[in-house]
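The structure appears right after this line, and notes come after that.
Excluded from the calculations below are hydrogen atoms, water molecules and symmetry mates; all remaining heavy atoms, backbone and side chain alike, are included.
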Amino acid sequence: RAFWGWLNAVFNKVDHERIRAVGPDRAASEWLLRCGALVRYQGSPKWQQDYNGLPTGPLGKYKIEAINATDSCIMYRGFDYLDGLEHVTDIRLEKCMYIQDECLQRLSQTNNLQKSLQQLKIISCGNVTDKGILALHRLTNLEYLYLSDLPGIREKETTFRVLQQALPNLELELDLE
């Protein structure tokens, strides 16, 4: 188990040279696919899941629009890859064992995501607590937030009231026990 944790940490190591060389969307695609996530590009209905099948073309041609990190090993140390993404409207974090409050805080502090992100789903991420959910208040263009199976959320009513006050246009859907 320790070996897999080490390997996952290696997969999440940010390569700033690579970001400069191939652009933020390509570098983030490589990171996400390496970690088992899927990406969808602007203008495409199809999810990209094969690392070796990543589309080629001129620098900046393919812009990530959606990320599905279900069962992936993305972790905080890789979140620098998100900084340059300007077109991400939809993120799904489901059964991500390494997603924790710091990840959601980092996500919500990413300037480009504050402008572009409209939909976020957080499902069965056992390390997420009220603190992480409250950090999402910085995502000012967030229109839809779905939360399900998050046992770390203890102060449901207070947390959701504060979030709704900060983001009055947010549609909040809950499936929490």
Side-chain angles (χ1 to χ4, degrees), residues 11-16 18-51 53-125 128 132-148 150 163 166-167 169-173:
F11 284 160
N12 279 277
K13 187 174 185 321
V14 177
D15 184 345
H16 295 283
R18 184 73 180 154
I19 295 171
R20 279 192 289 283
V22 300
D25 288 273
R26 173 67 187 216
S29 295
E30 293 172 357
W31 164 61
L32 290 161
L33 295 181
R34 216 176 22 246
C35 291
L38 310 175
V39 296
R40 195 178 72 235
Y41 298 106
Q42 268 187 333
S44 173
K46 183 169 117 321
W47 286 94
Q48 180 68 40
Q49 56 187 4
D50 178 14
Y51 183 91
L54 273 168
T56 56
L59 197 64
K61 179 179 179 187
Y62 295 94
K63 303 288 186 189
I64 297 175
E65 183 176 68
I67 297 169
N68 182 342
T70 301
D71 287 318
S72 73
C73 68
I74 64 169
M75 59 179 63
Y76 181 85
R77 71 181 298 181
F79 274 48
D80 283 2
Y81 280 111
L82 300 174
D83 288 341
L85 304 182
E86 298 178 358
H87 302 91
V88 177
T89 59
D90 188 358
I91 296 178
R92 180 183 188 102
L93 303 171
E94 182 172 0
K95 298 180 197 158
C96 300
M97 66 187 286
Y98 298 111
I99 294 295
Q100 57 209 29
D101 294 340
E102 292 75 20
C103 298
L104 298 181
Q105 289 167 335
R106 176 68 172 84
L107 187 86
S108 68
Q109 289 168 351
T110 304
N111 289 332
N112 287 327
L113 291 178
Q114 288 174 351
K115 296 176 192 136
S116 69
L117 192 62
Q118 297 170 359
Q119 272 194 50
L120 178 60
K121 295 176 183 155
I122 305 169
I123 304 161
S124 303
C125 296
V128 170
I133 299 304
L134 285 170
L136 301 176
H137 78 275
R138 289 191 190 95
L139 298 171
T140 52
N141 285 319
L142 196 63
E143 297 170 0
Y144 178 78
L145 177 62
Y146 178 76
L147 303 173
S148 176
L150 300 171
L163 200 56
L167 303 169
N169 298 325
L170 179 68
E171 180 188 337
L172 186 56
E173 189 175 338

Kindly indicate whether the side chain of [X], heavy atoms from C-beta on, has any atom under 4.5 Å from the side chain of [Y].
{"X": "L145", "Y": "L163", "answer": "yes"}
{"X": "L93", "Y": "L104", "answer": "yes"}
{"X": "V128", "Y": "L147", "answer": "no"}
{"X": "N12", "Y": "W31", "answer": "yes"}
{"X": "I19", "Y": "V14", "answer": "yes"}
{"X": "C125", "Y": "L150", "answer": "yes"}

Looking at every heavy atom in both [X] and [Y], which two are closest together, and how far apart are they?
{"X": "S108", "Y": "L139", "value": "CA-CD2, 3.7 Å"}
{"X": "L167", "Y": "H137", "value": "CD2-O, 3.5 Å"}
{"X": "A69", "Y": "C96", "value": "O-SG, 3.0 Å"}
{"X": "S72", "Y": "A37", "value": "CB-N, 3.7 Å"}
{"X": "R92", "Y": "I123", "value": "NH2-CD1, 3.4 Å"}

For the CD atom on Q42, are there more than 12 heavy atoms of other groups (residues, nucleotides or ligands in this structure) within a distance under 6.0 Å? yes

Who passes side-chain contact (heavy atoms from CB on, under 4.5 Å) against E30, sequence neighbours left out? R18, R26, R34, Y51, L54

Roughly how far, to the nearest 0.5 Å, is the [atom2] atom of [Y] from the [atom1] atom of [X]?
{"X": "Q118", "Y": "I91", "atom1": "CD", "atom2": "CD1", "result": "11.5 Å"}
{"X": "L117", "Y": "N112", "atom1": "CG", "atom2": "CG", "result": "11.5 Å"}
{"X": "E102", "Y": "R77", "atom1": "CD", "atom2": "CZ", "result": "15.0 Å"}
{"X": "N141", "Y": "E143", "atom1": "CG", "atom2": "CD", "result": "7.5 Å"}
{"X": "Q105", "Y": "R138", "atom1": "CD", "atom2": "CZ", "result": "7.5 Å"}
{"X": "L142", "Y": "S116", "atom1": "CG", "atom2": "OG", "result": "10.5 Å"}

Which is it for S29 and Y41 under the side chain to side chain donor-acceptor pair (under 3.5 Å) test, yes or no, and what are the steps along the way? CA-CA 10 Å; S29 295; Y41 298 106; 2.8 Å; yes

Any donor and acceptor pair, going by atom type alone, linking the side chain of E173 with main-chain N or O of Y144 inside 3.5 Å? no

For D50, does its backbone N or O pair with a side-chain atom of Q48 as donor and acceptor, under 3.5 Å? yes

Mind running side chain to side chain contact (heavy atoms under 4.5 Å, CB included) on I122 and L136 for me, showing each step along the way? CA-CA 11 Å; I122 305 169; L136 301 176; 4.0 Å; yes

Can I get a per-line list of side-chain donor-acceptor pairs under 3.5 Å for residues 78-86, giving both atom names and the distance, sequence neighbours left out?
from, atom 1, to, atom 2, distance (Å)
D80, OD1, R106, NH2, 2.7
Y81, OH, K13, O, 3.4
Y81, OH, D15, N, 3.0
D83, OD1, R106, NH1, 3.0
D83, OD1, R106, NH2, 2.9
D83, OD2, R106, NH2, 2.9

Sole candidate of T89, D90, L107 that passes side chain to side chain contact (heavy atoms under 4.5 Å, CB included) when paired with L120: L107

